[in-house]
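Report on the following structure.
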Amino acid sequence: MKVMQKKEWDGNVAVGLFFKELSQSAKQFDFNGEIDKLSKDDDFSQKAGNIRVFDVLPKSKKIFAVSLGKKEDFDLDTLRQCSASVAKYARSLGMKEIATTLSENWAIAYESGLAVTEGTVLSLYRFEKFKREKGKTFETLFIIDKRDLTKGIAEGMILAEATNYTRELVNMPPSIMTPLEMAKEAKKVAVENKLIIKIYDKKALITMGMNNILAVNKGSSSEPRLIVLEYNPKAKKTIAIVGKGITFDSGGLDLKPAVYMEDMKSDMAGAAAVIGIMQAISRLGTDTHVVGVIAATENMISGDAMKPGDIVTAYNKKTIEIINTDAEGRLILADALSYTEKEIKPDLIVDLATLTGACAVALGNVAAGMLGNNQEQMDKLKKSADQTAEFVWQLPLWKQYKEMVKSDIADVRNVLKGYASSPGVIYGAAFLENFIEKTPWIHLDIAATSWSSEEKSYIVKGGTGYGVRLLTHFIRA
Ligand code: BES
Ligand code: ZN
Ligand code: ZN
């Protein structure tokens with residue numbers, strides 16, 4: 001679909017109204033006082049995103065009166081959400097195009113073009129590859145604004161498309177989106193955007209000593225891959241983003257119960273976000289050297305599968321006692337993180353991983369868990385999170401937590417023994433910290449934010465593409 005700016009417009013149009021106050025355009029379009037009445041209707045106008053449609057004769061033009069909520073609560077994400085309401089409602093009516101004046105309600109021109117575009121394009125995404133009957137399509141949004149919003153619209157389009165692409169990768173069935181297929185997608189993005197790409201196959205991983213990735217891969221009949229994508233290698237500063245790419249997590253011999261396994265094709269959401277970020281970064285540009293690292297494998301069962309009780313020597317030579325084969329994400333990340341630190345030597349590493357179910361218990365699907373060893377960088381990431389509404393919430397990684405990951409018979413163990421309860425998100429991060437020597441590092445646990453079982457405004461069911469807008473913003477800030 002397209003988003004374009006127009007100075008004037010004479011067709012169907014969406015105008016905003018606040019609780020007890022009209023927007024500029026609402027005043028202009030309120031021919032018979034109906035919109036004014038709506039703004040005084042508590043039920044309608046206190047909650048942002050409600051829409052009432054008026055047919056205006058003689059041209060039978062439709063006016064969407066869109067509630068923006070209370071003026072004092074209005075923020076950039078409300079603008080995204082209201083734009084999503086307009087787009088979805090217009091599409092449901094079978095409209096192919098509509099104009100919107102909602103951007104006028106946000107003072108910063110660039111941001112308002114960005115938010116309207118993101119909210120619209122993200123909300124219209126549907127995973128329909130396997131539907132024989134496709135849904136209604138919407139074609140063009142015209143933004144009516146006196147200011148020049150071109151830059152915000154163009155960047156919003158790139159960010160929303162990259163997010164939707166990540167969603168598509170996550171939504172694909174696991175027997176199609178294998179490690180090999182992920183490598184193909186990464187290659188496609190690399191070729192299209194002139195990125196450097198290196199793909200390491202199983203033989204290479206054996207030579208490199210990536211024994212954790214190989215151990216998790218043992219029960220699978222698909223080969224693992226380590227994928228490295230690079231943008232702008234000559235730049236002074238380097239940021240590496242590392243993604244967990246478990247293309248299906250059965251749990252391994254510690255098999256998951258059926259309900260917990262239902263959505264485990266999404267256990268590669270961190271890796272899919274890395275591919276989306278690399279696409280967005282190369283299309284938007286930045287003066288940073290950005291390296292995306294993906295560890296991809298299935299976590300399956302077979303006679304060869306990794307067993308509880310096994311001890312594996314990681315890439316950095318630390319030994320790991322495997323207590324539970326379902327805590328596999330931290331294993332493949334251990335190799336990917338120490339590889340990234342040693343071989344790429346970045347100034348900062350950020351990892352994105354669907355690491356723990358416990359993250360949903362702690363924060364629900366509203367925010368990702370954030371932990372790391374560098375407060376300054378985490379504070380900076382928090383700012384990007386608030387700006388993009390891909391929220392993060394920091395949990396502590398104090399030295400008191402570091403003891404629990406030690407093993408009696410190896411250097412560390414991947415979980416506590418005997419169903420002992422532990423702070424799950426923190427345990428995961430405390431384990432990972434063993435595979436970072438000195439580089440500033442942030443871990444994002446996206447287990448709950450990367451998948452949505454319900455439709456909420458511009459977040460549709462299935463893969464959410466969480467992290468693409470957040471990290472692209474962070475890298476370019
Ligand atoms: N992929 C899961 C985490 C997960 C759970 C992601 C729910 C998305 C939704 C991860 O590999 C896992 O199984 N973690 C275990 C860790 C436990 C064995 C310490 C978990 O969270 O139960
Ligand atoms: Zn698991
Ligand atoms: Zn997993």
Side-chain angles (χ1 to χ4, degrees), residues 170-171 174 177 179 182 212-213 215-220 224 242-273 294-301 305-310 320-336 351-369 395 401 404-405 407 412-432 443-454 462-464 466-467:
V170 173
N171 290 334
M177 196 44 64
M182 291 218 71
N212 274 318
I213 300 177
V216 173
N217 183 251
K218 273 169 76 182
S220 166
V242 178
K244 169 178 172 182
I246 295 290
T247 59
F248 186 72
D249 185 7
S250 70
L253 287 177
D254 290 300
L255 196 65
K256 285 183 184 293
V259 265
Y260 290 150
M261 214 192 287
E262 283 175 3
D263 298 326
M264 278 304 128
K265 65 175 183 183
S266 70
D267 211 20
M268 38 60 87
I294 290 168
T297 172
E298 296 179 330
N299 185 24
M300 298 294 280
I301 44 171
M306 159 178 87
K307 305 169 189 76
D310 277 346
I320 304 171
E321 184 188 6
I322 311 297
I323 304 289
N324 190 311
T325 61
D326 198 11
E328 84 299 335
R330 60 199 69 183
L331 297 176
I332 66 165
L333 280 177
D335 279 355
D351 76 70
L352 288 151
T354 48
L355 211 67
T356 69
C359 198
V361 179
L363 301 168
N365 59 12
V366 175
L395 294 168
Y401 291 114
M404 66 185 169
V405 303
S407 157
V412 288
R413 55 185 168 199
N414 74 337
V415 304
L416 288 182
K417 285 192 95 155
Y419 293 102
S421 63
S422 72
V425 184
I426 300 177
Y427 192 103
F431 177 88
L432 292 178
H443 162 60
L444 291 177
D445 192 331
I446 62 167
T449 50
S450 58
W451 183 262
S452 185
S453 44
E454 51 180 4
T464 62
Y466 178 95

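Whatever order the structure lists them in is the order used to number ligands and atoms, beginning at 1. What you see below is based on every heavy atom in this structure, not just the backbone, and it leaves out hydrogens, waters and symmetry mates.
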Could you tell me whether Lys244 and Asp351 make a salt bridge, using a distance below 4.0 angstrom between a side-chain N and a carboxylate O?
->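 Here Lys244 does not pair with Asp351 in a salt bridge, since their nearest N and O are not under 4.0 Å apart.
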Do Lys256 and Glu262 sit within salt-bridge range, that is, some charged N less than 4.0 Å from a carboxylate O?
->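 Salt bridge absent between Lys256 and Glu262.
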Using the Zn ion (ligand 3) as the apex, give the angle to atoms OD2 (Asp267) and NZ (Lys244), rounded to 10 degrees.
->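 The two atoms form an angle at the metal of about 100°.
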Kindly indicate whether the side chain of [X], heavy atoms from C-beta on, has any atom under 4.5 Å from the side chain of [Y].
| X | Y | answer |
| --- | --- | --- |
| Arg413 | Val415 | no |
| Asp267 | Phe248 | no |
| Leu355 | Leu333 | yes |
| Leu253 | Ile301 | yes |

Under the side chain to side chain contact (heavy atoms under 4.5 Å, CB included) rule, what do Ile322 and Lys307 come out as? Steps first, then yes or no, please.
-> CA-CA 7 Å; Ile322 311 297; Lys307 305 169 189 76; over 6 Å; no
Taking distance alone, with no angle check, do [X] and ligand 1 share an N/O pair under 3.5 Å?
| X | answer |
| --- | --- |
| Arg330 | no |
| Asp326 | yes |
| Ala447 | no |
| Glu328 | yes |

For ligand 1, which atoms sit closer than 4.0 Å to a heavy atom of [X]?
| X | result |
| --- | --- |
| Val415 | 19 (C) |
| Lys256 | 2 (C), 12 (C), 13 (O) |
| Asp249 | 1 (N), 2 (C), 10 (C), 11 (O), 13 (O) |
| Thr354 | 1 (N), 2 (C), 3 (C), 6 (C) |

Atom 20 (C) of ligand 1: of Gly357, Ala448, Ala358, Gly428, the nearest heavy atom sits on Gly357
Options Asn299, Asn324, Thr325, Ile246, ranked by nearest heavy atom to atom 18 (C) of ligand 1, top entry = Asn324
Give the C-alpha distance, both sets of side-chain angles, the deciding distance and a yes or no for side chain to side chain contact (heavy atoms under 4.5 Å, CB included) between Trp451 and Lys265.
-> CA-CA 10 Å; Trp451 183 262; Lys265 65 175 183 183; 3.7 Å; yes
Kindly state if atom 22 (O) of ligand 1 has a protein heavy atom within a strict 4.0 Å cut-off, that is, under 4.0 Å?
-> no
Assess whether side chain to side chain contact (heavy atoms under 4.5 Å, CB included) is satisfied between Ser250 and Met261, documenting all intermediate values.
-> CA-CA 6 Å; Ser250 70; Met261 214 192 287; 4.3 Å; yes
Vertex the Zn ion (ligand 2), arms to Glu328 OE1 and Asp326 O, rounded to 10° = 70°
Under 3.5 Å: donor-acceptor pair, side chain of Asn365, backbone of Ser452 | no
If you have a sec, work out which protein heavy atom is nearest [atom] and how many Å separate them, to one decimal?
| atom | value |
| --- | --- |
| atom 1 (N) of ligand 1 | Asp267 OD1, 2.8 Å |
| atom 7 (C) of ligand 1 | Met264 CE, 3.6 Å |
| atom 10 (C) of ligand 1 | Leu355 O, 3.3 Å |

Does Asp249 put an N, O or S atom under 2.8 Å from the Zn ion (ligand 2)?
-> yes
Contact summary for Ala353 and His443, nearest pair of heavy atoms =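 Shortest heavy-atom contact: CB-CE1, 4.3 Å.
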Look at ligand 1 and say whether Lys244 reaches it with a heavy atom at a distance under 4.0 Å.
-> yes
